[in-house]
Number of protein chains: 2
Amino acid sequence: MKKYFDILHACPLFRDIAPQEVAKTLECLNARISSFDKGEAVLSEGAPASHVGIVMTGRLQIEQTDFFGNRSMIANLIPGELFGESFACAGIKEVPVTVRAAEHAEVMLIDCLKLVRSCSDACPFHQQMILNLLQIVAAKNLIFQQKIEVTSKRTTREKLMTYLMLQARQQGRLEFEIPYDRQELADYLEVERSGLSAEIGKLRRQGMIEAEHRRFKLCNFVNHRERSSGCFGGL
Amino acid sequence: MKKYFDILHACPLFRDIAPQEVAKTLECLNARISSFDKGEAVLSEGAPASHVGIVMTGRLQIEQTDFFGNRSMIANLIPGELFGESFACAGIKEVPVTVRAAEHAEVMLIDCLKLVRSCSDACPFHQQMILNLLQIVAAKNLIFQQKIEVTSKRTTREKLMTYLMLQARQQGRLEFEIPYDRQELADYLEVERSGLSAEIGKLRRQGMIEAEHRRFKLCNFVNHRERSSGCFGGL
DNA sequence: CACTCCTTGTTGAAATTTCAACATACAAAA
DNA sequence: TTTTGTATGTTGAAATTTCAACAAGGAGTG
């Protein structure tokens, strides 16, 4: 039981809610924990999008099936992670994905309507959770926006450079580590791993970057600024 | 003055707030309207991300400048549209973009902190606006997710088919109209217009779709289901 | 050490996309 | 009517990506 509270406490949905108040909050929200066997659907495509879920133990996968019947994996969820919040908050009727237990898993489900409508005694945790939810969804938004900015570039080289520059900006240094290995980076950039390796090699040979494993360093990367300054109206 | 209220009333941020209460809400939020000349920056890159903006008149553009100094246009905002909400709600310090008036424009700016912290007399509009904001941000999330699903496909053909199938699903029919002309569709799919036209022609000749202007019809598209059923564990 | 597994880099051919250019159709304007 | 402009389709060459296959270098294991 303790371990549940540890996970909740680390979960951004419960940020700034005092540990001793979590239990009360859960009661107020009528949160319940359900168990799922490996392969079992936690949420099936077409089911009402009414709940926010939190992985407590085990591992879940979000899948989507296209018109051809091809199933593709969208995300992999580990304990502490949230799912379904965008669907529930956006007010759509049915979830367009299936969430499945990749191994035996326990999941906490919270009715989003309950969360969103203030309870009768207007408890303050409630309000805090709504703000947390807003923060979480907005942050995810920025992550998506950034991914789109990167992957909208047409060539592997441009995608890679855009990604590296964003990382440098975010980490505030020209030398930094990325959270992906080569295959994962290729997946993120939506390009072929071999082509990515080739492009990294090319940039390295041109002296624009240093790269080994997850550590990158940008060299002759930054001094090209202002190239297009004064180009107003052209956009 | 009346026209401002018309725009606000149509703005999703003020959904379910009675027209006669809007003025009071604005006062409570200390909302103010500012004017900007053409080319002037409404929000400059690096400025604190504290406000949500609503375009009242004119037109704004969201720009981003990369490390090379290349400026690229991210969005085009017309009256009634919101901007800055993801940055403000996600709690990041500085906006990573510049919002600029593309023509003379009036903008309403609302301090997100004021919006998010309940006011002293806990007015109910307040709460409704937070929920509206949550709904808006979550809906944008789904739009991004969908765009990523489409553009993550590797070929023009796959991108196009994925997009058309999603449209068909959303509109609930196999014959439907899309909101883009060819150039705009190519931009959305992140492909070349000429290549897109070629691919549409190919699909048409193969009898899989009918297409003229913005009207599409999917024909031998749907019966390929279940091809990969039973492929568990392979994902 | 030998062996396996895994990550990364490399390579060349095939497939695909981009790019530039032009053809056609249609609508609006003169 | 002619003219102009815009949207769309088409084409071929150049550039790029994908694909399949293999090589090299660790890390871990027996």
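Quick note on labels: first sequence line is chain A, next is B, and so on, each numbered from 1. Hydrogens, waters and symmetry mates are skipped; everything else that's a heavy atom, side chains included, is used.
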Touch class at under 4.0 angstrom, heavy-atom based, for B/R214 against every strand present: nothing
Touch class at under 4.0 angstrom, heavy-atom based, for B/T156 against every strand present: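 Sugar-phosphate contact only.
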Smallest separation among heavy atoms of A/H51 and A/L109, with atom names: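 Shortest heavy-atom separation between A/H51 and A/L109 comes out as CD2-CB, 4.0 Å.
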A/E103 and its side-chain hydrogen bond (donor to acceptor under 3.5 Å, both in side chains) partner, picked from A/K38, A/Q61, A/R59: A/R59
Side chain proximity check, B/V107 to B/I54, heavy atoms < 4.5 angstrom: no
Counting just side-chain N and O atoms, does [X] come under 4.0 Å of either OP1 or OP2 of [N]?
X	N	value
B/R205	D/dT10	yes
B/R154	D/dT18	yes
A/R204	C/dG9	yes

A/E106 and A/T57: side chain donor to acceptor below 3.5 Å: yes
Polar contact flag, side-chain donor to acceptor under 3.5 angstrom, A/Q146-A/Q170: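 Present: a donor and an acceptor within the cut-off.
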Provide, to the nearest angstrom, the distance between the [atom1] atom belonging to [X] and the [atom2] atom belonging to [N].
X	N	atom1	atom2	result
A/L160	D/dT16	CG	C1'	15 Å
A/E199	C/dT11	CD	P	14 Å
A/H213	C/dT8	NE2	C1'	8 Å
A/K159	D/dT16	NZ	C1'	11 Å
B/M161	C/dT16	CE	P	12 Å
B/K202	C/dT17	NZ	C1'	11 Å
A/E158	C/dT18	CD	C1'	12 Å
A/L196	C/dT10	CG	P	12 Å

Nucleic acid contacts - residues 176-192 of chain A versus DNA chain D, non-hydrogen atoms under 4.0 Å: A/V191, A/E192
Six-ring centre of B/Y188, B/K147 cation under 6.0 angstrom, axis tolerance 45°: yes
Proximal nucleotide (of D/dG9, D/dT17, D/dT18) relative to the B/S197 side chain: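 Nearest to the side chain of B/S197 among the choices is D/dG9.
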N/O donor-acceptor pair, side chain A/R193 with base C/dG9, under 3.5 angstrom: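 For A/R193, whose side chain was compared with the base of C/dG9, there is a donor-acceptor pair (under 3.5 Å).
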Expected output: side-chain B/T155 to main-chain B/E158 donor-acceptor under 3.5 Å: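 Yes, the answer is positive, given that a donor and an acceptor are paired below the 3.5 Å cut-off.
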